[in-house]
Student: 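The following block contains the structure, expressed as structure tokens.
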Amino acid sequence: MSQAASSTGMPEGMSLGVARDGGVVTLTIDFPARRNALAVPLRARMAEVLEEAQGDPSVRAFVVTGAAGNFCSGADISGMDVRDAMSGAERMRRSHRLIRLIAAGNKPVVAAVEGWCVGAGLSLACACDLIVAAEDARFMAGFGKIGLMADLGLPYTLPARIGAGRARRMLMLHQQLSAGEAERIGLVEEVVHRGQALHFALERARFLAAQAPAPMALTKAMFAAGLDAALETERHFQSTLFLSADHKEGRAAFLEKREAQFTGS
């Protein structure tokens, strides 16, 4: 893996920064028009980089972060246009490849969160082994606002971090958490000054990179036990919801900046 690189073959205005410092690789989501929304091309490129690293012993840890003061604002709703069950299932299969590589891959991953960490961004952060958050970070699920359930492993990873009761509040009541509250309930491991999340995340990643890699990989495997079954259930459920009238209404309401009117269909 080269010392520094940027993503290629992506739509204009969207990129994934890939920077190497010794055994640590930093992935930076850079999609300013959508506050670093986790668009499908970004998911695919992240998975490619992580997949390549699985067999590279010189890569020992990853940091995932976002550019320009935000971690990730969620999925790219403007590009979410699933028209049949097969395409919905395929979308989930490809997205789950990324989550499996982060949560169950053999390299530790640290999330460096500044600003918004919402929806798919929250899923991405929770799939990581450690989350370092700046004091201005804000966390929210919010999938229900567009007529969907939480995905990208969040129904599995969020309760594991904060317990089932608190996870229900976040997923069902769209509860927004400050960085301090997120630390108090165990959603994040560390809160640092604004603008310092990446600095401290790199420190943690360097520590992880210096450890024996096999115990690190097997520890991750233990924590990820049960993830595959959860993702398979999620794939079937979300593929159904993609085709619902409520999702169509939620997506339209989001793009039109109005309140959704759900009918249960």
Side-chain angles (χ1 to χ4, degrees), residues 37-40 42-44 46-47 50-51 54 62 64 71-72 74-76 80 82 85-111 113 117-131 139-175 177 182 185-189 216-244 246-247 250:
L38 194 60
V40 170
L42 284 165
R43 300 180 195 193
M46 290 179 74
L50 289 159
E51 184 76 67
Q54 297 305 295
F62 279 91
V64 177
F71 181 71
C72 175
D76 181 13
M80 189 181 293
V82 176
M86 292 300 291
S87 62
E90 179 62 13
R91 178 188 175 95
M92 296 307 300
R93 186 192 69 78
R94 292 182 179 183
S95 297
H96 285 165
R97 177 187 175 213
L98 171 62
I99 298 304
R100 285 186 171 95
L101 286 165
I102 294 174
N106 59 21
K107 315 287 182 179
V109 186
V110 183
V113 178
C117 180
V118 178
L122 181 63
S123 301
L124 182 66
C126 285
C128 296
D129 300 293
L130 300 172
I131 302 175
F139 300 86
M140 188 171 71
F143 293 85
K145 293 183 177 183
I146 56 168
L148 295 176
M149 62 173 282
D151 62 15
L152 302 190
L154 194 63
Y156 175 92
T157 58
L158 187 63
R161 283 181 167 271
I162 65 175
R166 289 191 175 104
R168 285 188 179 96
R169 282 165 55 186
M170 288 196 73
L171 297 181
M172 295 180 175
L173 299 179
H174 311 311
Q175 181 188 29
L177 297 182
I185 67 174
L187 178 60
V188 308
E189 280 68 47
M216 195 70 64
L218 294 177
T219 297
K220 283 175 62 75
M222 289 292 291
F223 280 124
L227 176 64
D228 278 340
L231 291 178
E232 186 64 13
T233 299
E234 176 191 298
R235 182 170 70 90
H236 289 297
F237 287 178
Q238 195 75 306
S239 297
T240 299
L241 292 174
F242 279 139
L243 302 180
S244 68
D246 276 349
H247 171 56

Student: I need the minimum non-hydrogen distance between Leu152 and Ser123, along with the two atoms involved.
Tutor: CB-CB, 3.5 Å
Student: Of all heavy-atom pairs between Cys126 and Thr157, which one has the smallest distance, and what is that distance?
Tutor: CB-OG1, 3.4 Å
Student: How many angstroms lie between atom CG of Leu187 and atom CZ of Arg166, to the nearest 0.5 angstrom?
Tutor: 10.5 Å
Student: How long is the straight-line distance from CG of Leu101 back to CD of Glu51, given to the nearest 0.5 Å?
Tutor: 5.0 Å
Student: Is a donor on one side and an acceptor on the other found under 3.5 Å between the side chain of Ser95 and the backbone of Met92?
Tutor: no
Student: So Val82 and Ser239, side-chain contact (heavy atoms from CB on, under 4.5 Å) or not? Walk me through it.
Tutor: CA-CA 9 Å; Val82 176; Ser239 297; over 6 Å; no
Student: Going by the side-chain hydrogen bond (donor to acceptor under 3.5 Å, both in side chains) test, name the single residue among Glu234, Arg235, Glu232, Arg91 that passes it with His96.
Tutor: Glu234
Student: Between Ala125 and Val113, which heavy-atom pair has the shortest distance, and what is it?
Tutor: CB-CG2, 4.5 Å
Student: Check the pair Arg94 / Val40 against side-chain contact (heavy atoms from CB on, under 4.5 Å), numbers first and verdict last.
Tutor: CA-CA 9 Å; Arg94 292 182 179 183; Val40 170; 5.5 Å; no
Student: Could you tell me the separation between the CD1 atom of Ile162 and the CG atom of Leu177, rounded to the nearest 0.5 Å?
Tutor: 7.0 Å
Student: Which donor-acceptor pairs under 3.5 Å do side chains of residues 141-149 form with protein atoms, sequence neighbours excluded?
Tutor:
none

Student: How many angstroms lie between atom CG of Leu124 and atom SG of Cys117, to the nearest 0.5 angstrom?
Tutor: 7.5 Å
Student: Once side chain to side chain donor-acceptor pair (under 3.5 Å) is applied, do any residues pair with Asn106, and if so which ones, sequence neighbours excluded?
Tutor: none
Student: Hey, mind stepping through Phe71 and Leu122 against side-chain contact (heavy atoms from CB on, under 4.5 Å) and telling me if it holds?
Tutor: CA-CA 9 Å; Phe71 181 71; Leu122 181 63; over 6 Å; no
Student: Can a donor-acceptor pair be found, under 3.5 Å and without considering hydrogens, that links the side chain of Asp129 to the backbone of Val109?
Tutor: yes
Student: Using side-chain heavy atoms (C-beta onward) and a distance below 4.5 Å, is Ile102 in contact with Cys128?
Tutor: yes
Student: When rounded to the nearest 0.5 angstrom, what is the spacing between CD1 in Ile99 and OH in Tyr156?
Tutor: 13.0 Å
Student: Indicate yes or no: at least one non-hydrogen side-chain atom of Phe237 is less than 4.5 angstrom from one of Asp151.
Tutor: no
Student: What distance separates Arg97 CZ from Leu50 CG, expressed to the nearest 0.5 Å?
Tutor: 9.0 Å
Student: Salt bridge check, Glu189 against Arg161: does any charged N sit closer than 4.0 Å to a carboxylate O?
Tutor: yes
Student: For the pair Thr233 (side chain) and Ala229 (backbone), establish whether a donor and an acceptor sit closer than 3.5 Å, ignoring hydrogens and angles.
Tutor: yes
Student: If every non-hydrogen atom of Lys220 is compared with every non-hydrogen atom of Ala103, which pair is closest and at what distance?
Tutor: NZ-O, 3.7 Å
Student: Would you check if the side chain of Lys107 reaches a backbone N or O of Met216 as a donor-acceptor pair within less than 3.5 Å?
Tutor: no
Student: Would you please test Leu98 and Met46 for side-chain contact (heavy atoms from CB on, under 4.5 Å) and show each step?
Tutor: CA-CA 7 Å; Leu98 171 62; Met46 290 179 74; 3.7 Å; yes
